[in-house]
Amino acid sequence: SLVAQAEKNSKLVALDADLVLDCGLIPFMERFPDRYIECGIAEQDMVSQAGALALSGMMPVVHSFACFLSTRPNEQIYNNASEQTKVMYVGSLAGLLPAVPGHSHQSVRDISILAATPNMVLLQPCNEKEVEMAVDYCLNESSGSTYLRLVSIPCAIPFMLPPGYSLEEGRGVVVRDGSDAVIFAYGPVMLVEAYKAAELLQDQYGVSLKVVNLPWLNCVDSEWLATMIEGIKFVFTLDDHYTTGGQGDMLLSKMTEAGMVGDRQCRKFGVEELPLCGLGEEVLHAHGLDAVSLADRMKYIMD
């Protein structure tokens with residue numbers, strides 16, 4: 001997607017923090033060697049360079065692992081925002097998985113760290129097609145800086161985005177319809193678990209759970225949100241992040257402000273302790289975020 005955009009925009013330049021293979025930048029480096037800048041393991045310098053490039057009229061795209069990009073150069077990201085420049089930040093390997101490297105590499109606080117940055121939109125796509133849409137939005141539609149949160153691990157996705165779907169800021173899309181409860185999620189890991197949990201609830205208990213893909217992490221359209229929860233008593237959110245400061249906090253805050261809570265029961269699911277290390281399935285289960293655990297937790301609340 002980035003190479004395709006660079007073919008059309010000669011001002012697009014990619015900066016890398018010694019992760020050209022891991023962040024998928026080899027095709028860009030080979031196609032546009034004069035617009036690829038290897039900064040080494042120096043995220044603060046990399047983000048500062050991006051700010052200078054933006055001030056000179058270039059369109060910098062900054063890559064690193066999400067755990068490093070959101071934390072090490074946080075001050076420099078804020079400095080860039082104070083200069084009202086446009087930079088596209090891309091954080092790879094975001095979220096609870098992969099969990100084998102341990103909590104130093106599990107980026108489960110980047111949303112809360114970056115969501116307060118002025119004029120910055122955070123979004124996380126759920127599949128390759130939505131990645132393409134998100135890259136186009138970040139580069140061509142957003143007026144300010146953006147943070148693209150990516151899960152760069154293999155994921156078998158049991159659903160497809162509906163025909164004609166396009167990104168609209170603050171709005172998502174239903175990937176599985178339901179009427180008894182609704183769960184909002186994002187990204188391939190958590191959306192898949194939510195989808196599988198919905199199937200378990202239907203098969204085992206006859207409970208109809210609506211699954212909504214909301215790629216926008218720090219903004220939501222109130223009118224759209226009202227339509228998603230209309231007539232539904234139980235509202236759940238699922239974060240690939242700490243529950244504090246994640247998308248769930250944002251959604252429930254918006255519902256409260258708009259007077260949408262009423263007699264609804266709302267519950268946030270996400271990481272609630274220091275993330276554990278191990279294989280993906282066992283770590284999701286240990287945190288109660290696998291499909292079986294989520295189905296059990298939602299059924300308990302709905303009873």
Side-chain angles (χ1 to χ4, degrees), residues 2 14-29 38-47 61-77 89-115 122-128 131 134 147-157 185-194 196 217 238-248 269-294:
L2 193 62
L15 295 87
D16 173 64
D18 198 33
L19 291 168
V20 62
L21 172 63
D22 302 82
C23 290
L25 280 174
I26 289 178
F28 186 96
M29 178 185 68
E38 177 52 70
C39 302
I41 306 175
E43 288 85 3
Q44 293 171 323
D45 289 342
M46 178 175 64
V47 171
V61 180
V62 178
H63 289 71
S64 188
F65 287 170
C67 56
F68 304 140
L69 184 59
S70 61
T71 55
R72 307 289 197 281
N74 188 261
E75 182 180 1
Q76 286 72 29
I77 291 173
Y89 302 97
V90 184
S92 293
L93 292 178
L96 188 60
L97 306 183
V100 172
H103 66 258
S104 64
H105 284 58
Q106 289 163 291
S107 188
V108 291
R109 58 193 181 108
D110 53 327
I111 299 173
S112 58
I113 289 171
L114 295 174
L122 283 61
L123 66 164
Q124 180 168 342
C126 70
N127 62 12
E128 290 93 336
V131 169
Y147 175 61
L148 183 61
R149 193 175 194 257
L150 295 180
V151 172
S152 315
I153 59 175
C155 297
I157 300 175
Y186 53 86
V189 173
M190 292 305 169
L191 266 174
V192 167
E193 297 304 321
K196 291 179 179 178
L217 304 177
L238 179 57
D239 266 293
D240 197 5
H241 184 275
Y242 284 124
T243 51
T244 301
Q247 185 190 74
F269 299 126
V271 182
E272 296 178 346
E273 59 182 329
L274 199 66
L276 299 171
C277 171
L279 299 178
E281 291 184 1
E282 63 185 6
V283 168
L284 287 172
H285 181 71
H287 284 281
L289 300 176
D290 63 306
V292 173
S293 300
L294 287 169

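Fair warning: this is a prediction, and the values are worked out from it, not measured in the lab.
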Any sub-3.5 Å donor-acceptor pair from [X]'s side-chain atoms to [Y]'s backbone N or O?
{"X": "Glu38", "Y": "Leu15", "answer": "no"}
{"X": "Glu43", "Y": "Arg72", "answer": "no"}
{"X": "His241", "Y": "Ile111", "answer": "yes"}
{"X": "Asp16", "Y": "Leu19", "answer": "yes"}

The criterion is side chain to side chain contact (heavy atoms under 4.5 Å, CB included); which residues satisfy it with [X], sequence neighbours excluded?
{"X": "Asp290", "result": "Glu193, Leu284, His285, Val292, Ser293"}
{"X": "Ala115", "result": "Leu122, Asn218"}
{"X": "Leu276", "result": "Ala286, His287"}
{"X": "Asn127", "result": "Lys129, Glu130, Ile157, Leu161"}

Any side-chain heavy-atom pair of [X] and [Y] under 4.5 Å:
{"X": "Val108", "Y": "Cys67", "value": "no"}
{"X": "Ser64", "Y": "Met46", "value": "yes"}
{"X": "Leu191", "Y": "Val189", "value": "no"}
{"X": "Val47", "Y": "Val62", "value": "yes"}
{"X": "Tyr186", "Y": "Asp239", "value": "yes"}
{"X": "Ser70", "Y": "Tyr89", "value": "no"}
{"X": "Leu217", "Y": "Gln124", "value": "yes"}
{"X": "Leu96", "Y": "Val271", "value": "yes"}

Of the non-hydrogen atoms in [X] and [Y], which two are nearest, and what is the gap between them?
{"X": "Ala194", "Y": "Leu294", "value": "N-CD1, 4.5 Å"}
{"X": "Glu282", "Y": "Leu279", "value": "OE2-N, 2.9 Å"}
{"X": "Cys23", "Y": "Ser92", "value": "SG-OG, 3.9 Å"}
{"X": "Leu69", "Y": "Gly91", "value": "CD2-N, 4.0 Å"}
{"X": "Val192", "Y": "Ala156", "value": "CG2-O, 3.7 Å"}

Quiz prompt | side chain to side chain contact (heavy atoms under 4.5 Å, CB included) assessment of Asp22 paired with Leu93 | solution = CA-CA 9 Å; Asp22 302 82; Leu93 292 178; 5.5 Å; no

Rounded to the nearest 0.5 Å, what separation is found between the [atom1] atom of [X] and the [atom2] atom of [Y]?
{"X": "Leu97", "Y": "Ile153", "atom1": "CG", "atom2": "CD1", "result": "5.0 Å"}
{"X": "Leu238", "Y": "Phe269", "atom1": "CG", "atom2": "CZ", "result": "8.0 Å"}
{"X": "Tyr242", "Y": "Ser107", "atom1": "OH", "atom2": "OG", "result": "10.0 Å"}
{"X": "Cys155", "Y": "Met190", "atom1": "SG", "atom2": "CE", "result": "10.5 Å"}

Quiz item: More than 12 non-hydrogen atoms from neighbouring residues, nucleotides or ligands closer than 6.0 Å to CD on Glu75, yes or no?
Solution: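 Not buried by this count: 12 neighbours or fewer within 6.0 Å.
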
Self-check item: Ile41 atom CD1, over 12 foreign heavy atoms within 6.0 Å
Solution: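 No, because the 6.0 Å sphere around CD1 of Ile41 holds 12 heavy atoms or fewer from other groups.
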
I'd like to check the side-chain hydrogen bond (donor to acceptor under 3.5 Å, both in side chains) partners of [X]; sequence neighbours left out, ordered by chain and number.
{"X": "Ser112", "value": "none"}
{"X": "Asp240", "value": "none"}
{"X": "Gln44", "value": "none"}

Exercise. For residues 272-281, pull every pair meeting side chain to side chain donor-acceptor pair (under 3.5 Å), keeping only residues two or more places apart or in separate chains.
Key: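 Found none.
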
Quiz item: Among pairs that include at least one residue of residues 102-111, which meet salt bridge (Lys or Arg N to Asp or Glu O under 4.0 Å), considering only residues two or more places apart or in two chains?
Solution: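 Sorted result for residues 102-111: Asp110-Arg149.
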
Quiz item: Taking only residues two or more places apart in sequence or in another chain, which ones pass ring-ring contact (aromatic ring centres under 6.0 Å, His included) with His105?
Solution: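 Testing His105 for ring-ring contact (aromatic ring centres under 6.0 Å, His included), a comparison that skips the adjacent residues, returns Phe68.
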
